[in-house]
Structures are given as C-alpha cells and as structure tokens.
Number of protein chains: 2
Amino acid sequence: MSLRESPIGGRRPTMRDVAARAQVSFKTVSRVVNDEGGVSPLLERRVRKAIEELDFRPNVGARILRRSDRRTASIGLLLEDVANPFSAAVQRAVENEADQRGVVVYSASLDEDPARERALAKAFGARGVDGLLLVPAGGDQSHLAAELRAGTAIVCLDREASNLPVDSVVATNEIGAAEGVRHLAAAGHRRIAFIGDRRTVATARQRHAGYLEALRGCGLPLDPALVVQDVRDTATADGVVTALLGHPDPPTALFTAQNLVTVGAVRALRRMGLEHAVALVGFDDFLLADLLSPAVTVVAQDPAAIGRTAAGLLFARIDGDTVPPRCRLVPTTLIRRGSGEIPPS
Amino acid sequence: MSLRESPIGGRRPTMRDVAARAQVSFKTVSRVVNDEGGVSPLLERRVRKAIEELDFRPNVGARILRRSDRRTASIGLLLEDVANPFSAAVQRAVENEADQRGVVVYSASLDEDPARERALAKAFGARGVDGLLLVPAGGDQSHLAAELRAGTAIVCLDREASNLPVDSVVATNEIGAAEGVRHLAAAGHRRIAFIGDRRTVATARQRHAGYLEALRGCGLPLDPALVVQDVRDTATADGVVTALLGHPDPPTALFTAQNLVTVGAVRALRRMGLEHAVALVGFDDFLLADLLSPAVTVVAQDPAAIGRTAAGLLFARIDGDTVPPRCRLVPTTLIRRGSGEIPPS
DNA sequence: CTGTTAGCGCTTTCAT
DNA sequence: ATGAAAGCGCTAACAG
C-alpha cells in the first residue's frame with residue numbers, strides 16, 4: 001500500500017500502459033478487466049500484477065462511449081430539497097436500491113423551481129443517466145418527452161407528472177388528509193381550519209381536496225375564512241395560525257397539510273398558550289413529534305417506501321419493462337398522539 | 001414544444017446528425033455548440049435550427065474523453081448518512097456551491113463503513129470526478145493516495161483524514177464539548193455523565209477529550225462509571241441513560257455528544273419523569289429542540305457552513321490551488337434553552 | 001487463447 | 001471562415 005511512483009506522469013494509467021507493462025496486447029487487458037475469460041492463467045497473472053502496480057482503473061466514460069447498450073449505471077435524483085427530512089428519507093431509500101445494483105446517483109434539489117427542473121434534467125440527461133427519479137417542480141413535465149424518447153427511463157415520485165407518460169409513486173394524499181380531518185370531526189370539531197402549501201404543488205391540492213371531501217362527508221359547512229393556502233414555511237404558518245386564532249369566531253381545530261406548516265402551527269399555539277386547547281393534526285410525520293406536549297397527531301407518510309418503490313419501478317423500466325405507465329399509491333397512516341384528540345372548547 | 005418524430009430511431013442525435021440536417025461539416029456544429037466563434041451568422045442560424053429541431057444535446061462523456069483538461073464538472077459527496085439532518089444540511093450546502101459552478105454532484109451514504117468508503121471512492125474515481133468531498137468512515141484514508149496522485153482533489157469534512165495529506169473542515173468539537181460541560185459545571189453540577197458515539201469516530205473522541213478537559217479545568221473528579229461510549233443510536237442511548245439514572249449515585253447532569261444520543265436521552269428522561277430534574281446538554285442542534293419542555297440546551301454545529309467551506313476549498317484545489325493542506329475549524333455555539341440550566345437536585 | 005482493426009461522439013490540430 | 005484528419009480509452013467484431 002505504499003505510494004509508488006507511477007512511471008507515467010500525473011496521467012491516469014490506461015489499458016495500453018498496463019498492456020505494455022505486462023507485455024501483452026491491450027485487448028488481453030480488456031479481457032481480464034471485464035472477466036471475459038479466455039485468457040491463460042499466466043497472462044492473466046501478469047496483467048493483474050501490472051494493474052495492481054499501476055493502480056489502473058478503467059475509464060468508465062470511455063467504456064460507456066464504446067459499449068453497445070449505452071448504459072452508464074447512473075441515475076439522477078431530483079428532489080424538492082434534501083434538507084427537508086422527507087426528501088432526505090427518500091434519497092436514502094433510493095441510494096440503497098441503487099447501490100445494491102452497482103448504480104451511482106446524481107442528486108440535486110429543485111426548490112420547486114420549474115427552471116431548475118429543466119436545467120438539471122438536461123444536465124443529467126447530457127451525462128447519459130439511465131434513469132431519472134423526479135419530484136416534479138412545475139405543472140408541466142412535457143419538456144422531458146425528448147429525454148424519454150432518447151431512452152432515459154423516468155419515474156416521478158411524491159407527485160404525478162403532468163403531460164408525460166411515466167410511472168409515478170405518490171402517497172394517498174387525498175385519502176390521508178380526509179382521514180385526518182374526519183378524525184377531528186369525530187372528536188366533535190365543527191370549525192376545522194386548513195393550512196396548506198402552494199396550490200401549484202399537486203400534493204397540496206390533493207390534501208385540500210381531502211379536506212373538502214371530509215367536511216362534506218361529515219356534513220360540516222365550509223367556511224372559506226378557515227382555509228389558507230400557499231403557505232410553505234414555518235414562519236408564515238406561525239403567522240397564519242396566530243391570525244386565525246385571533247379572529248372573533250376562531251377554529252377549534254387545525255389541519256396542517258405539510259410538515260413545516262405543522263411545525264409553525266405548533267410554535268404559534270405554544271406562544272399563545274393554546275396547545276392544549278386547540279386540536280391539531282398534521283400531514284407528514286416529523287422527528288420528535290411524539291415528545292412534544294401535547295404530542296402531535298399526524299397523518300404519516302412513508303418516504304422510505306416511496307423512494308424504494310420508485311427506484312424499483314425505475315430499474316424495471318431501465319431493464320426493459322414496457323407496460324403502460326402506472327401510478328403506485330403508498331398508504332398513509334393516522335398516528336394518534338394527543339394533539340388531534342383534544343375536544344372542542 | 002410538440003413531440004416531434006426524430007428522424008433517427010431511438011438514438012440520441014449526434015453532431016453528425018445535426019451537421020447533415022444543417023448541411024455543414026460537423027466541426028462547424030462543434031464550433032456553434034461551444035461558442036467558439038468564427039462561424040458565419042448564416043451557418044450558425046442553420047445549425048441552431050437543426051439543434052433545436054433534433055433536440056440535440058452534446059454527449060458529455062465523449063467531450064470529456066477528448067478534452068485536454070479532463071474535467072468532468074462533477075464531484076462526489078460521501079456522507080455518513082443523508083437521512084441524518086446533519087448530513088442532509090451539509091449536502092444541501094454543497095449542492096448550492098456546486099450548482100453555482102455548473103458542477104453536478106454524485107452522493108452516497110457510507111454508514112461509517114470503511115469498505116463502503118473504499119468502494120464508493122473508487123466508483124466515483126473511475127467516473128472521473130474532479131473532486132471528492134468525504135466524511136471519513138474509517139481510521140485510514142491512505143487508500144485514496146492514488147486517487148490524489150491521479151489528480152482528483154479531495155477535502156474531508158466533519159472529521160480530518162488519517163494518513164492522507166488533504167484539507168479538512170471540522171467543527172470545534174473539543175472546544176464546543178468543553179464549553180457544554182463547563183456550562184453544566186457552572187450551574188453547580190459535579191456528577192456529569194458523558195454519553196458518546198463510537199470511539200472509532202474522530203469527532204466522538206474529540207468531544208470526549210473536551211469533556212475530560214472541562215472536568216479537569218473545573219476541578220471535578222472523573223468517575224468512569226459516568227462515561228459511556230460507543231453509543232450510536234437513539235434506542236441504545238435511551239437504555240444507557242435509563243441505566244445511569246437507576247444507579248445508587250446517579251449523575252445530576254448529562255452531556256450527550258451526538259444528536260441521536262441526545263434524542264434518546266430526552267426519551268429516557270421523559271419516561272422516568274426526570275426531564276425537569278436532570279440537566280442535559282447535547283452536542284449538535286436538532287429541529288424542535290426549542291419546543292420540547294424543557295427546551296434542550298445544545299452545542300450547535302453549523303453544518304451549512306461546514307459544507308459550504310469544504311466545497312469552497314475543494315473547488316479551489318480543483319482550480320489549481322497547491323498550498324499545503326489546511327484544517328479549517330468551524331465554530332460551535334452554545335444555545336441555552338432550559339435543559340442545560342437545571343440546577344443539581 | 002491471443003491480437004488486430006474499427007469506431008463510439010467529441011475536441012484538437014492542422015489545412016485550406 | 002470552414003473542413004479533414006487524428007485520436008481520447010475503451011469494447012465489438014473479426015481474424016489468426
């Protein structure tokens with residue numbers, strides 16, 4: 001393991017360098033490197049020795065360029081934001097699946113910006129990824145049609161693609177949200193507020209739809225004053241909840257449709273001293289939700305399952321699966337912890 | 001934006017295809033694509049039209065293979081585990097820096113496994129990354145020497161490299177831990193327990209050293225029964241804390257040297273109903289630490305600064321910087337929130 | 001079993 | 001201003 005002086009400058013050694021050192025033709029080196037067989041033990045030993053001595057490593061780029069299948073054994077992962085625990089959990093699951101298959105992963109955060117979606121899909125596409133795993137950022141993925149035609153597999157996750165015939169893997173957003181809201185209604189609440197993410201985000205729209213559906217199903221009136229959309233960060237959510245609860249006829253329960261929004265609501269309730277008075281159910285679980293007081297009731301998603309499933313579908317496509325695009329639903333689970341079981345005051 | 005039928009099968013179009021369609025030599029296409037200039041406006045327009053019509057995108061792999069500088073505009077990021085908020089924050093910061101420079105990022109989680117470190121560094125190296133950003137997983141990085149010689153820049157983060165002359169960016173682990181422990185001692189605690197990660201992890205050793213230093217500095221005796229190392233997950237930490245507090249002469253304060261360990265301690269204290277009786281200071285901040293009761297006092301790291309700084313150093317190296325390896329320290333901050341200010345009982 | 005030749009898609013060098 | 005030829009490091013298709 002000593003730091004040998006390589007005889008060939010700072011350059012990485014090539015098969016020709018190895019061949020020269022082992023006194024064989026460079027095709028023989030290729031055979032050994034690729035375990036093609038058909039090389040005498042003597043030569044093979046010489047080649048392996050030379051490889052070791054030079055610390056030769058095949059140039060993957062050159063290999064890909066020449067190979068007939070054009071596989072790069074790489075995929076691109078386009079998330080909303082890795083710093084968000086949901087995205088991070090998805091990435092981890094994807095990495096596991098990819099790693100198992102000897103596939104490397106490019107990753108990037110899009111921050112809900114369609115321009116970034118286009119730019120990064122293009123950048124990854126130009127690098128010849130075999131597949132793209134995408135959390136759609138905009139309302140239109142048709143720009144990826146050429147990528148698809150060029151043979152790049154694409155699977156969307158967390159949200160379905162628009163105007164692009166690809167598989168997708170999403171949580172049961174509408175069903176889950178409806179379940180959360182019904183849970184509040186079952187506790188006797190009639191004034192349940194909805195605070196959700198931007199309407200440009202499909203999951204936000206679905207969760208809102210679930211909210212409306214649950215109200216209808218429970219025979220509760222819809223009060224537009226209790227619905228606030230386009231809230232995407234903790235600080236804004238905090239402000240919104242503060243305002244809602246300051247109204248003359250405030251809600252007795254809150255349904256927060258995104259994890260950062262839930263956290264903002266917790267902060268607002270805490271500051272107003274209302275955390276044990278106003279019920280709260282959040283969509284998407286978060287670390288320590290069970291240690292707050294009251295512990296936060298949530299409609300939990302399963303990001304690891306979403307990532308794993310999406311990667312599975314992607315690799316199936318890469319391996320030649322051509323069935324029509326499907327949408328796989330990953331179930332959500334209502335976790336009762338306390339905040340969602342507070343009765344109306 | 002319609003889905004045009006490309007005239008050339010499922011294959012991606014090449015410069016030759018563009019050249020044929022634009023009726024020019026393919027070198028002219030290359031000139032246009034690379035903005036080399038020296039192309040008449042007429043031909044340039046024809047070429048751009050053909051590029052548009054065929055949705056041509058240069059094959060990055062082929063370009064790299066031929067170029068003299070051998071740059072791939074890609075880097076590899078080897079983290080401990082993206083699912084850990086610390087790693088996720090680092091990745092996000094790195095992505096930002098890379099993106100700004102038009103560089104793509106391969107990422108992977110090593111799970112503290114030296115074999116994975118070797119395998120993934122090798123995989124990324126074979127793909128010709130310009131640089132590697134690494135959270136060292138084992139006690140020896142000398143296997144990367146060949147990579148370094150081959151011209152790959154390497155910067156370690158969170159921990160320094162062993163047996164490899166590269167830059168590193170780490171938090172002030174020892175200083176920060178000592179500050180946290182002194183803070184507990186200042187509140188009057190004399191029996192302060194230390195619960196830390198595996199001793200194979202350099203940061204764990206440094207934080208332990210900080211603990212010892214603070215005890216010495218405060219004239220407190222070291223009780224080996226209060227020191228538990230090699231704890232790496234929440235469940236184990238929970239058990240360890242439960243055991244410690246069940247002893248005849250229990251600690252009155254806990255210093256937990258890793259974020260998951262801190263969470264485990266919070267769970268144990270809560271279950272035992274001691275969260276307001278036993279003081280707690282954790283190393284590394286976590287989401288919602290301020291909303292727990294008591295809110296958790298921590299020695300906060302700045303993962304974003306660590307990632308940003310490391311990426312900066314890496315790109316400087318890639319751009320030819322050859323000063324001797326440096327180690328950059330990123331300061332930690334003690335955040336008093338309540339749990340660390342509980343006096344001894 | 002081993003070696004030769006061609007050429008992946010592109011940039012470089014050199015010619016026109 | 002344009003193009004032809006060479007060749008990056010490798011695999012594929014054929015020889016021997």
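Naming: A, B, ... by sequence-line order, numbering from 1 per chain.
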| Out of D:dT11, D:dA4, C:dT11, whichever nucleotide has its closest atom nearest the side chain of A:Ser30 | D:dT11
| Nearest nucleotide by nearest heavy atom, which residue falls closer to the 5' end of DNA chain D, B:Arg31 or A:Ala62? | B:Arg31
| message | Does a side-chain N or O of A:Ser25 approach OP1 or OP2 of C:dG3 to a distance below 4.0 Å, or not? | response | yes
| request: In whole angstrom, give the distance that lies between atom CZ of A:Arg70 and atom P of D:dC10. | output: 16 Å
| Rounded to the nearest Å, what distance is computed from the CG atom of residue A:Leu42 to the C1' atom of nucleotide C:dT2? | 13 Å
| note | Taking for A:Gly38 and for A:Arg66 the nucleotide of DNA chain C with the nearest heavy atom, the one nearer the 5' end belongs to A:Gly38
| said: Side chains of A:Glu147 and A:Thr152 only: does a donor on one sit below 3.5 Å from an acceptor on the other? | reply: yes
| said: Rounding to an integer number of Å, can you tell me how far B:Glu44 CD sits from D:dG3 P? | reply: 14 Å
| message | For B:Arg116 and B:Leu120: C-alpha separation, side-chain torsions, deciding distance, then whether side-chain contact (heavy atoms from CB on, under 4.5 Å) applies. | response | CA-CA 6 Å; B:Arg116 284 179 63 75; B:Leu120 285 159; 3.8 Å; yes
| message | From CZ of A:Arg12 over to C1' of D:dG9, roughly how many Å is that when rounded to an integer? | response | 13 Å
| query | Within the structure shown, what part of the strands sits under 4.0 Å from A:Ile64 by heavy-atom distance: base, sugar-phosphate, or nothing? | reply | nothing
| Any donor-acceptor N/O pair, A:Asp111 side chain to A:Asp113 backbone, under 3.5 Å | no
| said: Rounding to an integer number of Å, can you tell me how far A:Phe26 CZ sits from C:dG3 P? | reply: 11 Å
| request: Side chain of B:Thr28 only, please: which of D:dG9, D:dT2, D:dT11 is the nearest? | output: D:dT2
| query | Given atom CZ of A:Arg46 and atom C1' of C:dG3, what is their separation to the nearest angstrom? | reply | 14 Å
| message | Expressed as a whole number of angstroms, how long is the span from B:Asp69:CG to C:dT12:C1'? | response | 12 Å
| said: How about CZ on A:Arg328, more than 12 heavy atoms from neighbouring residues, nucleotides or ligands closer than 6.0 Å, or not? | reply: no
| Looking at B:Asn59, does any N or O in its side chain come under 4.0 Å of the phosphate oxygens OP1/OP2 on C:dC8? | no
| request: To the nearest Å, give me how far apart NZ (B:Lys27) and P (C:dT16) are. | output: 18 Å
| said: Check this for me: does any side-chain nitrogen of one of A:Asp130 and A:Arg101 sit under 4.0 Å from a carboxylate oxygen of the other? | reply: no
| If you check the A:Ser40 side chain, which of D:dG9, C:dT2, D:dT2 turns out closest? | C:dT2
| request: Name the closest nucleotide to the B:Ser68 side chain, picking from C:dC10, C:dT12, D:dT2. | output: C:dT12
